[in-house]
Amino acid sequence: MSVIKPYQFLPKEKIEHLANDLLRRMEGTPTFPNWPGVAERAVDFLDLGMVWEKIPHQDGRPVAARIYPTQRLIEINEDIPKLQQDFGFAESTIAHEVGHWILHINQDEADGIVEQLELSLDCVTTEQPFLCRDVGERIALNSPQTQADWIEWQAQYFASCLLMPQYKLEEERRGRDLTKWSHLYAIQKDLGVTISNLTNRLQDLGWIYIPKGSKQIYPGNTVRHGQTKIF
Ligand SMILES: [Zn+2]
């Protein structure tokens, strides 16, 4: 068995379920999910490490972060100023790496290799870190084409579900009007996400609709009530 799982199709519901499951498991622990900053709490809960490092470009494109499964280590690129300056972007990137850990890494196998390395220092590991480019924008512009694109899409969708679970959004929308930008910015601040993360998530859920190229927010028509509590 390989440390990295072979590609598999994952429906959105399955990815959302896995993100909710992680939030549920975090409940009652010192890393109890609360916002903003839920991505780092998930990293702690999963006993992963996280460091800021210089990560070289890949194929001429900047790499936001990567994960070394056998070291349980997430590296965030310190050369991308936006990651240091934009809390929401950093949260999204970290949650994306957590997504790879949950969705794409054979965790037993990763741990097994760590054990073997500890036993034998002569062992040469063949790590295959996931390299994460600034996928949010790329995938927003182009639909995923290759399996590698889909793997990135899955991790990003997981990040969106982890940072903005429906039960939390239900809580946030109470007393607010989702068609007002000022209210969306208030929610964005509470959750520690970027405004585009938030509007993409709300549009994906059908709670709002923003026509392409427009700043006008319309109410969605598929609002669901009372079905989304996970606790
Ligand atoms: Zn990635």
Side-chain angles (χ1 to χ4, degrees), residues 2-5 7 10 15 18-19 21-23 25-26 29-59 61-115 117-118 125-139 148-165 191-194 197:
S2 152
V3 172
I4 294 169
K5 293 177 184 171
Y7 170 75
L10 294 170
I15 295 172
L18 289 168
D21 179 62
L22 173 58
L23 292 167
R25 284 190 286 137
M26 284 165 70
T29 70
T31 48
F32 176 78
N34 58 9
W35 284 260
V38 84
E40 289 94 333
R41 292 186 179 92
V43 166
D44 287 346
F45 175 77
L46 293 167
D47 203 18
L48 300 171
M50 196 174 76
V51 291
W52 290 82
E53 277 289 342
K54 288 183 187 305
I55 305 179
H57 279 43
Q58 282 272 317
D59 309 324
R61 305 173 71 120
V63 176
R66 61 187 169 188
I67 184 164
Y68 286 92
T70 59
Q71 294 179 34
R72 306 177 73 94
L73 182 67
I74 293 169
E75 284 184 356
I76 310 290
N77 195 349
E78 65 181 25
D79 284 339
I80 299 182
K82 194 180 167 198
L83 278 167
Q84 315 235 22
Q85 294 154 4
D86 182 340
F87 181 79
F89 182 52
E91 276 290 285
S92 162
T93 302
I94 297 164
H96 175 109
E97 298 307 313
V98 171
H100 281 314
W101 178 256
I102 298 283
L103 303 175
H104 304 134
I105 292 170
N106 255 318
Q107 289 153 25
D108 292 345
E109 196 74 12
D111 286 346
I113 285 175
V114 170
E115 252 176 56
L117 282 177
E118 282 165 353
T125 176
T126 53
E127 285 159 328
Q128 298 166 271
F130 283 109
L131 298 170
C132 302
R133 297 173 181 87
D134 192 350
V135 289
E137 284 164 37
R138 186 163 61 107
I139 284 176
D149 283 348
W150 276 110
I151 285 173
E152 292 307 299
W153 178 89
Q154 289 173 352
Q156 200 57 36
Y157 192 73
F158 181 96
S160 174
C161 296
L162 184 73
L163 299 175
M164 297 168 283
L191 299 181
V193 296
T194 67
N197 286 158

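Quick note: residue numbers are just sequence positions, from 1.
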Task: Pairs touching residues 45-55 that satisfy salt bridge (Lys or Arg N to Asp or Glu O under 4.0 Å), sequence neighbours left out - done: K54-E78, K54-D79
Open item on the list: Is any side-chain heavy atom of I80 closer than 4.5 Å to one of I55?
Closed with: no
Open item on the list: Could you measure the distance from the CD atom of Q156 to the CG atom of D149? Nearest 0.5 Å is fine.
Closed with: 12.5 Å
Task: Inter-residue atom distance L73.CG - W101.CH2, 0.5 Å rounding - done: 10.5 Å
Open item on the list: Has T93 got a side-chain atom pairing as donor or acceptor with F89's backbone, closer than 3.5 angstrom?
Closed with: yes
Open item on the list: So, applying side-chain hydrogen bond (donor to acceptor under 3.5 Å, both in side chains) with H100, which one of E152, R66, Q154 is it?
Closed with: E152
TODO: Check the pair I105 / I67 against side chain to side chain contact (heavy atoms under 4.5 Å, CB included), numbers first and verdict last.
DONE: CA-CA 10 Å; I105 292 170; I67 184 164; 4.1 Å; yes
Task: A95 to A39 - nearest heavy-atom pair and separation - done: N-CB, 3.8 Å
Task: T194 OG1 to E91 CD distance, which is reported to the nearest 0.5 Å - done: 11.0 Å
Open item on the list: Any heavy-atom pair between the side chains of F158 and L22 that's under 4.5 Å?
Closed with: yes
TODO: Specify the closest pair of heavy atoms between T29 and F45, including all atoms of both residues, with the distance to one decimal.
DONE: CG2-CE1, 3.7 Å
Task: Least distance between heavy atoms, W52 atom then L83 atom - done: CH2-O, 3.5 Å
TODO: Rounded to the nearest 0.5 Å, what's the gap from CG on L103 to NE2 on H96? Could you check?
DONE: 10.0 Å
TODO: Return the minimal non-hydrogen interatomic distance between E97 and A65, and the atom names on each side.
DONE: OE2-CB, 3.5 Å
Open item on the list: Side chains of V193 and W35, heavy atoms from C-beta outward: is any pair under 4.5 Å?
Closed with: no
Open item on the list: In terms of relative ring orientation, are W153 and Y157 parallel, tilted or perpendicular, with 30° and 60° separating the classes?
Closed with: parallel
TODO: Look up atom CE in M26 and atom CZ in F32, then write down how far apart they are to the nearest 0.5 Å.
DONE: 9.0 Å
Task: Shortest non-hydrogen contact from L46 toward R72 - done: O-NH2, 2.8 Å
Task: Flag side-chain contact, heavy atom, 4.5 Å: V38 against L23 - done: yes
Task: Distance in Å, I94 CD1 paired with M50 CE, rounded so as to fall on 0.5 Å steps - done: 4.0 Å
- [ ] Could you name each residue pair satisfying salt bridge (Lys or Arg N to Asp or Glu O under 4.0 Å) that touches residues 29-42, not counting sequence neighbours?
- [x] none
Task: Note, V98 side chain near V43 side chain (heavy atom, < 4.5 Å) - done: yes
